[in-house]
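The sequence lines fix the lettering, A, B, ..., with proteins before strands; numbering per chain opens at 1.
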Amino acid sequence: MPELPEVETIRQTLKQLVIGKTVESVDVSWPKIIQEPDDVEQFSTFLQGQTMHDIRRKGKFLLFDLDKHVIVSHLRMEGKYGVYDHNDEVMAHTHVIFHFTDGTELRYRDVRKFGTMHLQEKGMETTKKPLVLLAKDPLEADFSLQTFKEKVQKSERNIKNILLDQSVIAGLGNIYVDETLFLAGVHPLIKGASLTDEQVIQIKQAAVMTLQDAVRQGGTTIRSYVNSQGQIGMFQQQLNVYAQNDSPCSKCEDIIMKIKVNGRGTHYCPTCQPI
DNA sequence: CTTGTGTCCTGCCGGC
DNA sequence: TGCCGGCAGGACACAA
């Protein structure tokens, strides 16, 4: 499940492969992925003749900048992009193909079909869903610690749930929330309202460290990992708690626990993250 | 207003 | 062996 670091790695790699290319046509075989416009035919016709100029990232969203439009794309759990030659075999679960005029293709694959694409007018993307309520991610220079602190401390929800809320802090998913709370030494079930200023600052710093570290790892491994199929992959960084349940904690040797928090698998160290 | 629940979708896993 | 129910998960619509 791609979170901020994975999306950032995909962005950097994909950018090299599609910038300057012009869309000749678009095929969509699972229309539900296209959330906007309502008519999938329009998605295709609007894109024809437009050139890819940049790929940006906002939180876990990828933004493809074209001449007049922006494609706002979310990979959800299993979405993947790859650039292929038009003669390459189309792999299973390919749902959207952007054919370029140079004979290459940008293909979107997604086993679960949970991913989404919104085609919006250039410049309008931050004024409407899905981006309108999206918070800053903690790696952005203008991330406001003050705003973050206020949102956290006025909430009765548990901190795990708060950190998954993209309107509070963008970019964290289930894996990096668990890693962030471990690094901050905060138990996932503690209510936002009962966290001290120091704890909230710790959490923000831990999020920055966790995400930076992961981006760095994606950045170092990505070079050798764009295969001939045009697929972009990456190696999983070392995780302290996520999927480490029943193993000893890397800090204190206590056994990592796995519980459910709001329906999400949640991993923590009972000693390093006291209730 | 805030918080909780259902929904989408399919591969996988455990139980029988 | 093979079937089948249940589960996982990000974000949103809707309910309470």
Side-chain angles (χ1 to χ4, degrees), chain A residues 1-8 10-11 28-38 40 57-63 71-81 91-96 108-120 125-138 147-181 188-195 207 210-211 214 236 239 241-246 257-268:
Chain A
M1 56 212 96
E3 302 182 30
L4 185 152
E6 290 77 19
V7 176
E8 177 59 21
I10 291 164
R11 184 190 75 82
V28 179
S29 53
W30 193 263
K32 281 188 165 182
I33 289 172
I34 312 303
Q35 301 277 311
E36 190 183 346
D38 291 333
V40 180
R57 178 186 59 73
K58 284 201 176 291
K60 302 181 219 171
F61 290 87
L62 280 174
L63 280 66
I71 302 169
V72 181
S73 169
H74 199 298
L75 305 170
R76 287 298 210 282
M77 269 78 75
E78 312 219 11
K80 293 171 181 64
Y81 279 105
M91 301 172 75
H93 312 297
T94 298
H95 306 306
V96 183
Y108 178 73
R109 295 197 297 132
D110 189 345
V111 172
R112 294 268 191 286
K113 299 175 175 170
F114 271 20
T116 57
M117 294 184 199
H118 291 74
L119 183 69
Q120 300 177 334
E125 66 273 13
T126 53
T127 69
K128 51 211 285 193
K129 64 179 184 180
L131 296 184
V132 65
L133 293 176
L134 187 70
K136 297 286 177 188
D137 75 57
T147 306
F148 175 64
K149 196 156 75 69
E150 280 166 16
K151 285 183 178 174
V152 169
Q153 291 180 326
K154 77 173 176 59
S155 176
E156 290 300 315
R157 302 147 78 195
N158 62 65
I159 187 61
K160 161 106 185 193
N161 206 3
I162 295 170
L163 293 180
L164 285 171
D165 186 339
Q166 303 295 300
S167 71
V168 175
I169 182 170
L172 297 171
N174 206 37
I175 296 174
Y176 293 121
V177 165
D178 284 4
E179 293 298 315
T180 294
L181 287 174
L189 285 174
I190 295 179
K191 290 193 187 314
S194 54
L195 289 167
T210 303
L211 292 173
Q236 185 60 62
L239 298 170
V241 285
Y242 188 85
Q244 306 302 307
N245 40 300
D246 304 329
M257 300 286 292
K258 179 174 182 179
I259 57 172
K260 285 255 189 204
V261 176
N262 300 86
R264 302 279 180 256
T266 299
H267 315 73
Y268 71 100

A:Lys58 and A:Asp137 ion-paired at < 4.0 Å: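 Salt bridge between A:Lys58 and A:Asp137, a charged N being under 4.0 Å from a carboxylate O: no.
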N-O pairing of A:Asp165 and A:Arg157 below 4.0 Å: yes
Presence of A:His74 side-chain N/O under 4.0 Å of C:dG10 phosphate oxygens OP1/OP2: no
OP1 or OP2 of C:dG9 under 4.0 Å from side-chain N/O of A:Tyr242: yes
Separation of [Y] [atom2] from [X] [atom1] (nearest 0.5 Å):
X	Y	atom1	atom2	value
A:Tyr108	A:Ile33	OH	CD1	5.5 Å
A:Tyr176	A:Leu181	OH	CG	14.5 Å
A:Ile175	A:Leu239	CD1	CG	6.5 Å

Candidates A:His267, A:Lys160, A:Arg264 - the one meeting side chain to side chain donor-acceptor pair (under 3.5 Å) with A:Asn174: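 The option that passes is A:Lys160.
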A:Gln120: which of A:Lys129, A:Glu36, A:Lys128 passes side chain to side chain donor-acceptor pair (under 3.5 Å):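 By the side chain to side chain donor-acceptor pair (under 3.5 Å) criterion, A:Gln120 pairs with just one of A:Lys129, A:Glu36, A:Lys128: A:Glu36.
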Nucleotide pairing, DNA chain C (Watson-Crick or G-U, distances under 3.5 Å), in dot-bracket with [ ] and |: .|||||||||||||||
Grab the [atom1]-[atom2] distance between [X] and [N] for me, whole Å please.
X	N	atom1	atom2	result
A:Ile169	C:dA11	CD1	C1'	17 Å
A:Ile162	C:dA11	CD1	P	16 Å
A:Asn262	C:dA11	CG	P	15 Å
A:Leu164	C:dA11	CG	P	8 Å
A:Met117	C:dG10	CE	P	19 Å
A:Lys258	C:dG9	NZ	C1'	11 Å
A:Asn161	C:dA11	CG	P	12 Å
A:Leu75	C:dG10	CG	P	12 Å

A:Lys154 side chain, from C-beta outward: closest of C:dA8, B:dT2, B:dT3: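 Comparing C:dA8, B:dT2, B:dT3 against the side chain of A:Lys154, the answer is B:dT2.
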Test item: A:His93 and A:Lys80 side chains (from C-beta on) under 4.5 Å apart, heavy atoms: no
Under 3.5 Å: donor-acceptor pair, side chain of A:Glu125, backbone of A:Val72: no
Main-chain N/O of A:Ala193 paired with A:Glu156 side-chain donor or acceptor, under 3.5 Å: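 Here the side-chain-to-backbone pair does not exist.
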Sugar-phosphate, base or nothing in reach of A:Lys151, heavy atoms under 4.0 Å: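 Answer is nothing: A:Lys151 stays at 4.0 Å or more from every strand.
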Contact list for DNA chain C against residues 126-134 of chain A - heavy-atom distance below 4.0 Å: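 Within residues 126-134 of chain A, the residues near DNA chain C are A:Lys129, A:Pro130.
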Test item: side-chain donor near acceptor, A:His95 and A:Asp110, under 3.5 Å: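 Absent: no donor and acceptor within the cut-off.
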Side-chain donor-acceptor pair present, A:Ser73, A:Tyr81, cut-off under 3.5 Å: yes
Position toward the 5' end of DNA chain B (nearest nucleotide), A:Arg264 or A:Ser155: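 It is A:Ser155 whose nearest nucleotide is closer to the 5' end.
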Annotated protein contacts, base or backbone, on nucleotides 8-13 of chain B with a non-hydrogen cut-off under 4.0 Å, one of B, S, - each: BBBS--
